[in-house]
Amino acid sequence: MIQPGNYVRDLLKRAPGDTVCARGWVKTRRDGKSVHFIQLNDGSSPTDLQVVVEAGLVPPEVIARITTGACLSVEGELVASPGKGQAVELKARTLTVHGAADPEEYPLQKKKHNLETLRPLGHLRARTNTFGAVFRVRNALARAIHHFFQERGFIYVHAPVISASDAEGAGSMFTVTTCGTGIPACDVSQDFFGRRTYLTVSGQLEAEIFALAFANVYTFGPTFRAENSNTPRHLAEFYMIEPEMAFCDLKDNQDLAEAFLKSQVEQVLRDCRPDLEFLAKWYEPDLFRNLETLVAAPFERITYTEAVALLQKAGRNWEFPVDWGSDLQSEHERHLTEELFRKPVIVVDYPQQIKAFYMRSNDDGKTVAAMDVLVPRIGEIIGGSQREERHDVLRDKIRAHADRGMKEESYWWYLELRRFGGVEHAGFGMGFERMMMYLTGMKNIRDVIPFPRTPGNAEF
RNA sequence: UGUAGGGUAGCUGAACUGGUCCAGCGCUCGCCUGUUAAGCGAGAGGAUGUGGGUUCGAGUCCCACCCCUACAGCCA
């Protein structure tokens, strides 16, 4: 295996004179009269290592196998490069081709491919410059998220992936069953869990349990939605981060969400600058300006009621009318964050009837302590709320949803949390891949997750 | 799921109102060359997404289906 300090990323920074062994996959080969040049990459860096093989070092039939996509080990001396474009290069002493890649058949060429072409090549696209940068950023973002919470004493909770509860309002669910194929109707009582079970649509309810024991907690795991959504920002399987805090109201919740987003951007700007530069160059010229704006400017904070008033006097012909009581549409959210304020906007206090049952009712009797964080280009990146901690109020809300299939007895434990040591608490959910889109400038969510699951697509 | 576009060589695109499908890149071969999106020359490579229909003749027109993309809804 490649040992620490020997990744291509490290070799590029080493001083000439060192004897090293580089391993990786060939991007391109160029032949000169007396030398061959090989661009080698092991996924650690957006920059390739240039390997120089003097003519005659290895037989022509070996050179012929060094084509785009082939896997190599090269041992030799790092030397100062006489050419432009790199400080050092690897002068090969011994070279091994582990796996060739027939150039007549290998799908990746040394030219640019567009993202749609690469999508069906899920087993190979990780080797490209673009996906190398994207997935290094993804790794750095995950690390940044854990760092943010760990630094603040939050406990990482593993919420269950298989769930029996239906977090109302979070969309339709995938059923989990061991029912054999060919059985027309499955008897639920005979099924594996003896009850209906689903893939989780949210870890929030379980996170609340832990928040009322550890005060500050967060989840970070896969989430599933069986919606037939076909857009550049929806997946059937995606990752979500859900912090949940006891002794926390909506104001604290907003403060944390803002600090959270800013911290992520700061850390990735610090850790992945070369990758972001690559992505900015090829995909989003405004990338750095957008990221630096998010870090620098205080987020705008307005109420839903204020947002409605602003939109109504915007002098626009909205496709969907703006009136108090209906949810904000994409066009409205975009106007607020991209045109009116030109920075992230937190909208709070939405009408009760358009939000989930667990959100805390405000004193006005009409709104709940909900918040959505909107960012330019992406739209809603965070949704959260202060939770209803008053037992009787919560019970009445659940009963009021009985016509929509909510059963009070299914929420027995959720209600008990309000009977035993309850306290005001709040939290939110952030779509990991939405944040990835914002950070990388990628326009389609399918290009920021290794193996996207969307309606009709579960390959790889 | 709705609306609008679109599926032509390995890739990106072209082909006027129906008339033998082109080019660049990639690939193969040769030449040149401390190259770096290398350069020059030659060559190979196509049942135009699938199935029907109209027509003397369909990449082009009609119908159905599949897939892709954008926008919208659902949301993160």
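This is a predicted model, so every value here is computed, not measured. Chain A is the first sequence line, chain B the second, and so forth, proteins listed ahead of strands; every chain is numbered from 1.
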>> Please give the distance between the C1' atoms of B:C56 and B:C40 as a whole number of Å.
In response: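 Those two atoms are separated by 47 Å.
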
>> Contact list please: residues 73-89 of chain A against RNA chain B, heavy atoms, distance less than 4.0 Å, in numerical order.
In response: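 By residue number: A:Ser81, A:Pro82, A:Gly83, A:Lys84, A:Gln86, A:Glu89.
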
> Say you pick atom P in B:G6 and the same atom in B:A15; how far apart are they, in whole Å?
Replying inline: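 B:G6 and B:A15 have their P atoms separated by 12 Å.
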
> Who pairs with A:Phe214 by ring-ring contact (aromatic ring centres under 6.0 Å, His included), at least two apart in sequence or on another chain?
Replying inline: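 So A:Phe214 forms a ring-ring contact (aromatic ring centres under 6.0 Å, His included) with A:Phe210.
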
> What does A:Gly32 touch in the nucleic acid at a heavy-atom separation under 4.0 angstrom: a base, only the sugar-phosphate, or nothing?
Replying inline: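 Base, at least one base heavy atom under 4.0 Å.
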
>> I'd like to check the ring-ring contact (aromatic ring centres under 6.0 Å, His included) partners of A:His425; sequence neighbours left out, ordered by chain and number.
In response: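 Result, ring-ring contact (aromatic ring centres under 6.0 Å, His included) vs A:His425: none returned.
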
> Would A:Trp282 and A:Thr130 count as a side chain to side chain donor-acceptor pair (under 3.5 Å) if you check the C-alpha gap in whole Å, the side-chain angles of each, and the deciding distance to 0.1 Å?
Replying inline: CA-CA 9 Å; A:Trp282 293 104; A:Thr130 296; over 6 Å; no

> Does A:Phe451 have any ring-ring contact (aromatic ring centres under 6.0 Å, His included) partners at least two apart in sequence or in another chain, and if so, which?
Replying inline: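 For A:Phe451 there are no ring-ring contact (aromatic ring centres under 6.0 Å, His included) partners, ignoring immediate neighbours.
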
>> Rounded to whole Å, how long is the line connecting atom CG of A:Leu49 with atom P of B:U35?
In response: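 Nearest whole value for this atom pair: 18 Å.
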
> With no hydrogens and no angle check, do the side chains of A:Thr128 and A:His113 hold a donor and an acceptor under 3.5 Å apart?
Replying inline: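 Per modelled atom types, A:Thr128 and A:His113 side chains form no pair under 3.5 Å.
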
> Closer than 4.0 Å, any side-chain N/O of A:Asn114 to the OP1 or OP2 of B:C11?
Replying inline: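 Answer no for this pair, as no side-chain N or O of A:Asn114 is under 4.0 Å from OP1 or OP2.
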
>> Say we look at B:U48 and B:G39: how far apart would their C1' atoms be, to the nearest angstrom?
In response: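 Per the computed distance, 33 Å lies between those C1' atoms.
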
> Expressed in whole Å, how much space separates the C1' atoms belonging to B:C27 and B:A9?
Replying inline: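 Looking at atom C1' only, B:C27 and B:A9 are 11 Å apart.
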
> Would you say the side chains of A:Tyr414 and A:Glu208 form a donor-acceptor pair under 3.5 Å?
Replying inline: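 A donor-acceptor contact under 3.5 Å links the two side chains.
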
> Counting a pair only when it is Watson-Crick or G-U and both distances are under 3.5 Å, which runs of at least 3 such pairs involve RNA chain B?
Replying inline: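 So far as stems of 3 or more pairs are concerned, RNA chain B shows B:1-7 with B:66-72, B:10-13 with B:22-25, B:27-31 with B:39-43, B:49-53 with B:61-65.
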
>> With side chain to side chain donor-acceptor pair (under 3.5 Å) as the criterion, how do A:Ser263 and A:Gln267 come out once you've worked through the C-alpha distance, each side chain's angles and the decisive distance to 0.1 Å?
In response: CA-CA 6 Å; A:Ser263 170; A:Gln267 291 183 67; 2.9 Å; yes

>> Could you check whether A:Arg387 and A:Ser385, counting side-chain N and O atoms only, form a donor-acceptor pair closer than 3.5 Å?
In response: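 A pair is found: one side chain offers a donor N or O, the other an acceptor, under 3.5 Å apart.
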
>> Measuring to OP1 and OP2 of B:A38, would you say a side-chain N or O of A:Arg30 lies under 4.0 angstrom away?
In response: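 For B:A38, OP1/OP2 do have a side-chain N/O of A:Arg30 under 4.0 Å.
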
> Taking atom CD of A:Glu306 as the centre, does the number of heavy atoms from other residues, nucleotides or ligands within less than 6.0 Å exceed 12?
Replying inline: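 Counting neighbours around CD of A:Glu306, more than 12 heavy atoms of other residues, nucleotides or ligands fall under 6.0 Å, so yes.
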
>> Please report the distance separating the C1' of B:C62 from the corresponding atom of B:U1, rounded so that it comes out in whole Å.
In response: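 These two C1' atoms come out 26 Å apart once rounded.
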
>> Rounded to whole Å, please give me the gap between CD in A:Glu333 and C1' in B:A76.
In response: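 Between C1' of B:A76 and CD of A:Glu333: 12 Å.
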
> Given atom CG of A:Leu108 and atom P of B:U12, what is their separation to the nearest angstrom?
Replying inline: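 After rounding, the reported distance stands at 12 Å.
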
>> Say we look at B:U28 and B:A38: how far apart would their P atoms be, to the nearest angstrom?
In response: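 Pairwise P distance, B:U28 against B:A38, rounds to 14 Å.
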
>> I need the minimum non-hydrogen distance between A:Thr440 and A:Leu279, along with the two atoms involved.
In response: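 The answer is O-CB, 3.5 Å.
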
> What is the nucleic acid contact for A:Ile381, judged by heavy atoms within less than 4.0 Å: base, sugar-phosphate only, or nothing?
Replying inline: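 A:Ile381: backbone/sugar contact only, no base atoms under 4.0 Å.
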
> Going 5' to 3' along nucleotides 42-48 of chain B, which nucleotides have protein heavy atoms under 4.0 Å from the base (write B), which only from the sugar-phosphate (write S), and which from neither (write -)?
Replying inline: -------

> Taking O4'-C1'-N9-C4 for purines and O4'-C1'-N1-C2 for pyrimidines, is B:A4 syn (within 90° of 0) or anti?
Replying inline: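 B:A4: anti glycosidic orientation.
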
>> With rounding to the closest Å, how many angstrom separate the C1' atoms on B:U12 and B:G46?
In response: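 To the nearest whole Å, 16 Å.
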
> How would you list all residue pairs meeting salt bridge (Lys or Arg N to Asp or Glu O under 4.0 Å) that involve residues 372-385 of chain A, not counting sequence neighbours?
Replying inline: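 Every pair satisfying salt bridge (Lys or Arg N to Asp or Glu O under 4.0 Å) with a residue in residues 372-385 of chain A: A:Lys355-A:Asp372.
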
> Does the ring of A:Phe238 meet both stacking tests against the six-membered base ring of B:A76: centre distance under 5.5 Å and plane angle under 30°?
Replying inline: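 Ring-base stacking flag set for A:Phe238 and B:A76.
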
> salt bridge (Lys or Arg N to Asp or Glu O under 4.0 Å): which pairs involve residues 25-39 of chain A, sequence neighbours left out?
Replying inline: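 Found A:Lys27-A:Asp48, A:Arg29-A:Asp31.
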
> Rounded to the nearest 0.5 Å, what separation is found between the CD atom of A:Glu206 and the CD atom of A:Glu244?
Replying inline: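 Answer for the CD-CD pair, A:Glu206 versus A:Glu244, is 11.0 Å.
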
>> Walk me through whether A:Asn41 and A:Arg9 qualify under side chain to side chain donor-acceptor pair (under 3.5 Å).
In response: CA-CA 9 Å; A:Asn41 197 291; A:Arg9 174 187 60 216; over 6 Å; no

>> Tell me whether the side-chain N/O atoms of A:Thr28 come closer than 4.0 Å to OP1 or OP2 in B:U36.
In response: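 For B:U36, neither OP1 nor OP2 has a side-chain N or O of A:Thr28 closer than 4.0 Å.
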
> For the pair made of CD in A:Glu433 and C1' in B:A76, what is the distance, rounded to whole Å?
Replying inline: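 So the CD-C1' distance, A:Glu433 to B:A76, works out to 9 Å.
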
> Expressed as a whole number of Å, how far does the P atom of B:G13 sit from that of B:A70?
Replying inline: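 So the two P atoms sit 14 Å from each other.
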
Collect all protein-nucleotide pairs involving nucleotides 67-72 of chain B in which both atoms are nitrogen or oxygen and the distance is under 3.5 Å.
{"unit_1": "B:C68", "atom_1": "O2'", "unit_2": "A:Glu116", "atom_2": "OE1", "d": "3.0"}
{"unit_1": "B:U69", "atom_1": "OP1", "unit_2": "A:Arg119", "atom_2": "NH1", "d": "2.2"}
{"unit_1": "B:U69", "atom_1": "OP1", "unit_2": "A:Arg446", "atom_2": "NH1", "d": "3.4"}
{"unit_1": "B:U69", "atom_1": "OP2", "unit_2": "A:Arg446", "atom_2": "NH1", "d": "3.2"}
{"unit_1": "B:A70", "atom_1": "OP1", "unit_2": "A:Asn444", "atom_2": "ND2", "d": "3.3"}
{"unit_1": "B:A72", "atom_1": "N6", "unit_2": "A:Asn230", "atom_2": "O", "d": "3.2"}

> Is A:Ser81 reaching over with its side chain to a backbone N or O of A:Ala87, donor-acceptor style, under 3.5 angstrom?
Replying inline: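 Flag not set: sc A:Ser81 to bb A:Ala87 has no pair under 3.5 Å.
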
>> Enumerate the salt bridge (Lys or Arg N to Asp or Glu O under 4.0 Å) contacts for residues 338-352 of chain A, please, sequence neighbours excluded, ordered by first and then second residue.
In response: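 Applying salt bridge (Lys or Arg N to Asp or Glu O under 4.0 Å) to every pair that reaches into residues 338-352 of chain A, excluding sequence neighbours, yields A:Glu300-A:Lys343, A:Arg316-A:Glu339, A:Arg334-A:Glu338.
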
> To the nearest Å, how far apart are A:Leu261 CG and B:A76 C1'?
Replying inline: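 Nearest whole value for this atom pair: 12 Å.
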
>> Just the rounded figure in Å: distance from C1' of B:C75 to CD1 of A:Ile445.
In response: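 Going from A:Ile445 (CD1) to B:C75 (C1'), I get 10 Å.
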
> Given that A:Thr117 and A:Leu328 both sit by RNA chain B, which one's nearest nucleotide is further toward the 5' end?
Replying inline: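 That would be A:Thr117.
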
> If the sugar-phosphate is the primed atoms plus P, OP1 and OP2 and the base is the rest, what is the B/S/- string for nucleotides 24-32 of chain B, using protein heavy atoms under 4.0 Å?
Replying inline: BBSSS----

> Which salt bridge (Lys or Arg N to Asp or Glu O under 4.0 Å) pairs, counting each pair once, include a residue from residues 61-78 of chain A, with sequence neighbours left out?
Replying inline: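 Those involving residues 61-78 of chain A are A:Glu75-A:Arg93.
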
> To the nearest Å, how far apart are A:Leu121 CG and B:C11 C1'?
Replying inline: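 That distance rounds to 11 Å.
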
> Between A:Gln50 (CD) and B:A38 (P), how many Å, whole number?
Replying inline: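 Taking atom P of B:A38 as the reference, CD of A:Gln50 is at 11 Å.
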
>> Pair A:Met435, A:Leu141 - check side chain to side chain contact (heavy atoms under 4.5 Å, CB included), show working.
In response: CA-CA 9 Å; A:Met435 190 59 190; A:Leu141 179 60; 4.0 Å; yes

